[in-house]
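Data block below; observations after.
Every chain is numbered from 1 and lettered A, B, ... according to where its sequence line falls, protein lines coming before strand lines.
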Protein chains: 4
Amino acid sequence: MTEKEKIVVKTSVKDESLIEIRRLQIINGAVNLFKEKGFHRATTREIAKAAGFSIGTLYEYIRTKEDVLYLVCDHIYDKVKQQLSMILSDTGTVKELKEAIKQYFYLIDRMIDEFTIMYQETKSLSKEAMHYIFDKELEMVRIFEGIIKNCLPSLENRLTDKEVFLAANHIVVQGQAWAFRKWALKKRYTIEEYVEDQTKLFLSGILNFHEK
Amino acid sequence: MTEKEKIVVKTSVKDESLIEIRRLQIINGAVNLFKEKGFHRATTREIAKAAGFSIGTLYEYIRTKEDVLYLVCDHIYDKVKQQLSMILSDTGTVKELKEAIKQYFYLIDRMIDEFTIMYQETKSLSKEAMHYIFDKELEMVRIFEGIIKNCLPSLENRLTDKEVFLAANHIVVQGQAWAFRKWALKKRYTIEEYVEDQTKLFLSGILNFHEK
Amino acid sequence: MTEKEKIVVKTSVKDESLIEIRRLQIINGAVNLFKEKGFHRATTREIAKAAGFSIGTLYEYIRTKEDVLYLVCDHIYDKVKQQLSMILSDTGTVKELKEAIKQYFYLIDRMIDEFTIMYQETKSLSKEAMHYIFDKELEMVRIFEGIIKNCLPSLENRLTDKEVFLAANHIVVQGQAWAFRKWALKKRYTIEEYVEDQTKLFLSGILNFHEK
Amino acid sequence: MTEKEKIVVKTSVKDESLIEIRRLQIINGAVNLFKEKGFHRATTREIAKAAGFSIGTLYEYIRTKEDVLYLVCDHIYDKVKQQLSMILSDTGTVKELKEAIKQYFYLIDRMIDEFTIMYQETKSLSKEAMHYIFDKELEMVRIFEGIIKNCLPSLENRLTDKEVFLAANHIVVQGQAWAFRKWALKKRYTIEEYVEDQTKLFLSGILNFHEK
DNA sequence: AATGAATGAGTGTTCATTCAT
DNA sequence: AATGAATGAACACTCATTCAT
């Protein structure tokens with residue numbers, strides 16, 4: 001499972017820890033801005049202002065406007081992966097699967113702006129950056145594939161690899177749906193209820209997949 | 001079930017049938033263009049060229065660039081609705097539900113460019129146009145809610161309205177997922193296989209929703 | 001003696017005669033501007049203003065700022081060649097040579113701004129455009145080579161091809177020198193005197209080249 | 001014959017010998033850089049880097065970017081003058097004139113990058129600095145005027161002051177031409193051949209100037 | 001009804017210069 | 001004396017929109 005190298009966003013600043021600080025400022029400012037007006041309508045001047053410094057300084061830490069979008073997307077996946085890795089106990093029980101779904105959905109709810117942005121703007125990235133992000137997405141799918149496979153025995157249930165792949169995709173997509181369709185869902189669901197019903201629907205779905 | 005009025009895109013041309021013709025030219029040209037470069041990167045000159053006339057003429061049939069996007073989105077939903085209404089036989093059987101899912105998924109597969117565009121660019125519409133499109137989306141959900149409710153009796157199954165709403169959303173989302181995640185799904189699934197497995201997963205899910 | 005194709009400066013305007021008019025406006029405006037502040041310090045907005053229209057219109061007739069410089073340089077050579085070809089009578093007399101020198105020097109004096117610009121800014125052109133301009137320069141040299149060779153017999157004088165080449169270069173350079181060193185020369189010379197003395201110096205030089 | 005004061009380039013550094021060292025670093029770095037991209041396209045950061053220190057340090061030794069250009073031009077003339085003064089023996093023979101021409105042309109050949117730069121970028125200097133450089137140029141002309149006048153008696157030849165001025169200009173210009181027209185001349189001439197033929201052309205020119 | 005030349009506000013990006021450390 | 005992060009005015013260029021023909 002080879003991981004792609006992080007794409008290097010070039011800087012003219014040398015102090016690594018300063019870069020770290022400034023980039024977080026950029027990411028946070030940009031998320032607020034992009035959420036409000038989208039990537040294309042946000043100007044670099046606005047991004048700089050939202051980050052708390054001048055346009056000149058912004059360009060000391062990025063090379064192009066697109067770099068900002070990449071920084072945001074990359075940051076989201078780092079956070080998702082870190083949070084997900086925290087709950088993996090590797091017990092192979094349904095409980096673990098349920099917990100993973102719950103954590104993933106809650107994470108999306110907490111980072112709903114970031115997810116919405118990533119979700120709608122990925123296509124504005126360069127081919128290279130886009131594939132890097134797609135790879136990260138597939139990693140997410142693979143994490144859930146692993147968890148699902150792990151607990152299949154305890155369910156006395158057989159799913160082919162392909163079916164596991166579909167199931168994992170299901171989770172990832174329905175999670176994202178909470179972000180990009182919140183305008184529709186929140187009319188009738190809180191995140192707690194959404195997690196509960198989606199989990200029930202999903203589990204009864206895979207448990208009885210081969211019954212008829 | 002109040003339907004919003006179609007938003008009027010102003011024209012300086014009087015001949016209604018000419019408007020119809022020109023707008024279809026615009027939509028078809030724009031879809032190809034937006035698919036390739038996205039709404040923001042496409043220029044009005046390019047849109048005019050893709051439609052087959054001059055920039056001046058384009059502006060005889062729209063008022064702003066955003067109108068083009070609205071025209072495209074609106075057109076897609078009209079087509080979806082029309083196609084879906086063709087298969088509704090109102091028999092209240094699972095067969096009908098299956099058929100509806102199948103038709104909807106196949107339709108998305110056939111109009112994958114249009115769906116991808118709509119899906120990624122909706123947020124670029126004005127508030128007003130966006131809500132109009134959201135309304136159309138909800139109509140879609142409602143259609144599936146209706147079909148699901150209709151065949152529940154024959155399944156000796158009880159789902160609350162809220163659960164039906166979630167189930168209908170599920171279908172709509174997984175259908176769209178075929179468009180916006182095709183890059184991942186097509187590695188292992190054809191549309192036929194996707195329809196089959198998604199249908200199985202969905203049906204076993206709702207059939208056993210309240211078991212445990 | 002193959003002539004390079006003119007480099008095409010792309011336009012979005014279709015009306016050829018309009019292009020002609022606008023380009024002359026651009027050239028005239030730019031010459032005044034470049035004379036005053038040089039190519040690099042002149043902004044595209046200033047060029048547009050000097051040409052008499054808006055920045056947007058300027059860019060309908062050029063693609064990059066460098067195109068303006070190329071247009072200017074190209075225009076100068078066209079004019080030089082046209083004027084020089086008018087006096088060529090092909091009689092093979094010293095009179096013709098003297099007349100050619102005179103016309104060339106006077107032409108430079110009349111177009112002194114244009115020559116100064118071309119002379120100082122050529123290096124700012126792209127490789128391609130620069131070589132095109134260099135080629136035009138060599139054409140000039142070749143014209144004078146031809147005239148010199150033509151009248152050598154009547155002078156009962158032998159010069160090798162190489163020496164003729166040097167002599168032709170001499171004329172071209174001393175002509176340009178009137179433009180780029182006018183600040184020094186005009187202190188003691190009028191153009192008429194300059195032509196007279198330069199011609200004398202040159203002719204006595206080549207007439208006695210092989211004496212000692 | 002008043003010589004202008006050297007223009008003072010302000011420094012915040014006190015140590016005079018350090019200033020000397022740093023300025024030479026700046027000049028050498030800048031010459032390489034300007035040769036490659038011209039004055040305007042070279043950035044101060046690049047100049048600093050080429051000089052071997054940071055942008056901050058560069059600005060300890062200059063006040064504006066233009067100062068760098070002035071430093072380079074000034075340095076060239078200092079070098080030319082120094083080298084030319086080395087060969088002046090004041091014998092009043094044609095041999096001395098020939099030697100001076102030779103040394104001057106060879107010097108240009110050795111410092112061809114510097115001359116090309118000076119020649120093309122002088123116009124980018126401030127009025128003040130430009131006139132200082134022009135003065136240096138006139139000094140060069142005067143040096144050759146002196147040498148020519150000196151050896152006229154031995155040639156039994158009369159030239160007016162004005163004609164001597166033209167002749168001196170001739171030498172200076174044809175020397176520079178080796179730098180700024182090398183692209184054309186080097187196709188047929190080595191520097192040795194160029195010196196030889198130019199000298200012959202020049203001497204036979206002035207020797208027979210008043211014959212007919 | 002159709003054209004396309006004209007417009008100019010707005011965009012991403014650069015870079016000379018400053019100044020706190 | 002040296003550093004390099006910060007600044008923001010300035011630049012080349014784009015593009016949605018208008019309007020005279």
Item to check | A:Phe53 side-chain proximity, nearest of F:dA5, F:dA1, F:dT7 | outcome: F:dT7
Next on the checklist: Between A:Phe180 and A:Phe115, is the ring pair (Phe, Tyr, Trp, His ring centres under 6.0 Å) condition met? List the steps.
Outcome noted: CA-CA 8 Å; A:Phe180 67 80; A:Phe115 269 88; over 10 Å; no
Checklist entry - Given axes from five pairs at either end, by how many degrees does the helix from E:dA2-F:dT21 to E:dT21-F:dA2 bend, rounded to 10°? => result 0°
Next on the checklist: What's the closest nucleotide to the side chain of D:Glu60 if the choices are F:dA12, F:dT3, F:dA5?
Outcome noted: F:dT3
Checklist entry - When the nearest nucleotide of DNA chain F is assigned to D:Ser54 and to B:Thr64 on a heavy-atom basis, which residue is associated with the more 5' position? => result D:Ser54
Checklist outcome for this item: Of the candidates E:dT3, E:dA6, F:dA1, the side chain of D:Tyr61 sits closest to F:dA1
Checklist entry - Does the side chain to side chain donor-acceptor pair (under 3.5 Å) test come out yes or no for C:Arg22 and C:Thr11, once each step is laid out? => result CA-CA 11 Å; C:Arg22 292 283 178 266; C:Thr11 315; over 6 Å; no
Item to check | Selection from E:dG12, F:dA16, E:dT17 that lies nearest to any side-chain heavy atom of B:Tyr59 | outcome: F:dA16
Next on the checklist: Can you list, in residue-number order, the parts of residues 41-48 of chain C that come under 4.0 Å of DNA chain F, counting heavy atoms only?
Outcome noted: C:Ala42, C:Thr43, C:Thr44, C:Arg45
Checklist entry - In whole Å, what is the span from the NZ atom of D:Lys65 to the C1' atom of E:dT17? => result 12 Å
Checklist entry - Roughly how many Å is it from NE2 in D:His40 to C1' in E:dC15, rounded to a whole number? => result 13 Å
Checklist entry - Hey, does the side chain of A:Arg22 come within less than 4.0 Å of F:dA6's phosphate (OP1/OP2), counting only N and O? => result yes
